[in-house]
Amino acid sequence: MSMEERERVVESLPAEVTWDELAMPEGDLHTEGKRQALEALRGYFKQQRRRVYVGSELPIYYPGERRFAPDLLVVLDVEAHLRGKWVVSHEGKGLDWVMEVHVGGDRKKDAEYNVRRYARLGIPEYFIYDRARERLEAYRLPSPGAREYVRREPRQGRYTSEVLGLDLQLEGEKLRFWAGNALLLESEEMIDRLREMLGGVQRRADEEARQRAEEVRRREEAERRLAELQSELERLKSRGE
């Protein structure tokens, strides 16, 4: 098959998945869980200036496999441009990291079937963010050629992702990502942080302006008093006192 023919085949593959392939809508908990993680990861890798693709519910095509659309996926060392689908044979590599956000419905799909499937496909790491139970599960292939996951355990409440180079932790109802001791902020949190910083700058500027105005007032008051004293002195001299 020529390069042109291969391109036409890739273009002809659907960029949508059917209702049978997607889970039923699970509401705001599911949507927000994906959005928050997606924003945090995209913001982090953009700041790092790394060639990393981060996507959500993208149709994935592995050779000889039924397509699927994970909630979140990461592929390292590739361009981060927008895509309508991920075709492994076309992109030249498969997924490096996958997360499924579970809220309701059949948990076996994420916790059993996908554990076997993603391991068989050679995806190095798989995380389950179970919002119904508020817990994380982490799986990793013990070696590049392995096709069975080993479940990872947290250390001091954090799960380490060797693929991402980050730690994951549940903090209340939020999934948090840590780069060492630095917390990855979501866009809304970054905006709030900037507002706080700007507010602090404005308060300092206002205080400095107040202090300058007070100094001017004191100097003018001192000059006025000095002028009064000099005037009084001249008056006394003129009277010969």
Side-chain angles (χ1 to χ4, degrees), residues 1-26 30-31 33-102 109-129 137-141 144-149 161-166 168 175 177 184:
M1 182 181 295
S2 68
M3 183 64 69
E4 291 76 10
E5 291 172 329
R6 177 176 293 181
E7 290 286 347
R8 285 197 295 271
V9 170
V10 170
E11 287 298 323
S12 69
L13 293 173
E16 307 86 19
V17 290
T18 66
W19 284 110
D20 290 336
E21 294 167 301
L22 284 173
M24 291 295 292
E26 296 182 83
H30 188 251
T31 301
K34 290 185 297 182
R35 182 191 63 79
Q36 292 166 0
L38 187 70
E39 286 185 358
L41 291 175
R42 281 182 173 171
Y44 172 72
F45 288 120
K46 183 177 181 180
Q47 187 179 46
Q48 296 294 308
R49 299 181 183 275
R50 288 184 60 185
R51 295 172 58 248
V52 178
Y53 176 75
V54 183
S56 176
E57 292 189 342
L58 194 73
I60 309 298
Y61 291 85
Y62 273 78
E65 291 282 342
R66 184 182 179 185
R67 65 182 174 182
F68 60 99
D71 287 330
L72 287 165
L73 63 105
V74 173
V75 187
L76 306 178
D77 303 317
V78 297
E79 297 302 327
H81 61 78
L82 299 178
R83 292 169 168 84
K85 50 184 168 288
W86 187 276
V87 182
V88 173
S89 60
H90 177 69
E91 298 281 356
K93 67 176 302 184
L95 310 185
D96 289 311
W97 184 91
V98 166
M99 172 180 282
E100 298 288 2
V101 180
H102 181 81
K109 176 179 178 292
D110 292 331
E112 297 181 18
Y113 175 72
N114 283 338
V115 169
R116 296 191 299 269
R117 183 184 198 183
Y118 294 159
R120 187 181 73 249
L121 295 177
I123 299 173
E125 288 184 347
Y126 172 42
F127 280 71
I128 302 173
Y129 177 17
E137 295 179 21
Y139 300 87
R140 179 173 175 80
L141 294 178
R147 291 298 180 265
E148 186 174 334
Y149 282 132
S161 169
E162 296 177 23
V163 169
L164 303 179
L166 299 169
L168 287 75
L175 174 61
F177 293 85
L184 272 59

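Along the sequence shown, residues are numbered consecutively beginning with 1. In what follows, every heavy atom counts, from backbone to side chain, and hydrogens, waters and symmetry copies are set aside.
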Under 3.5 Å, is there a donor-acceptor pair between the side chain of [X] and the main chain of [Y]?
X	Y	answer
Asn114	Lys109	yes
Lys93	Val78	no
Arg120	Arg147	no
Ser56	Leu72	no
His30	His102	no
Glu100	Tyr129	no

Pairwise side-chain contact, [X] with [Y], heavy-atom cut-off 4.5 Å (strictly under):
X	Y	value
Ile123	Asp96	no
Leu121	Glu65	yes
Met99	Leu168	yes

Relative to each other, are the rings of Tyr139 and Tyr149 parallel, tilted or perpendicular (30° and 60° limits)?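 Geometry flag for Tyr149 against Tyr139: tilted rings.
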
Is the Tyr113-Phe68 ring centre distance short of 6.0 angstrom?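 Between Phe68 and Tyr113, which both carry aromatic rings, the centre distance is not below 6.0 Å.
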
Aromatic ring proximity, centroids under 6.0 angstrom, Tyr126 and Trp97: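 That pair fails the under 6.0 Å test.
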
Which residue pairs satisfy the salt bridge (Lys or Arg N to Asp or Glu O under 4.0 Å) criterion with at least one member in residues 43-56, sequence neighbours excluded?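 Sorted result for residues 43-56: Arg51-Glu79.
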
Glu112: partners by side chain to side chain contact (heavy atoms under 4.5 Å, CB included), with sequence neighbours left out: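 Applying side chain to side chain contact (heavy atoms under 4.5 Å, CB included) to Glu112 gives Lys108, Arg116.
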
Could you tell me whether Glu148 atom CD has more than 12 heavy atoms of other residues or ligands within 6.0 Å of it?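 Open: at most 12 neighbouring heavy atoms sit under 6.0 Å from CD of Glu148.
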
Is it true that Glu91 and Arg83 make a salt bridge, defined as a side-chain N closer than 4.0 Å to a carboxylate O?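 Yes, this pair counts.
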
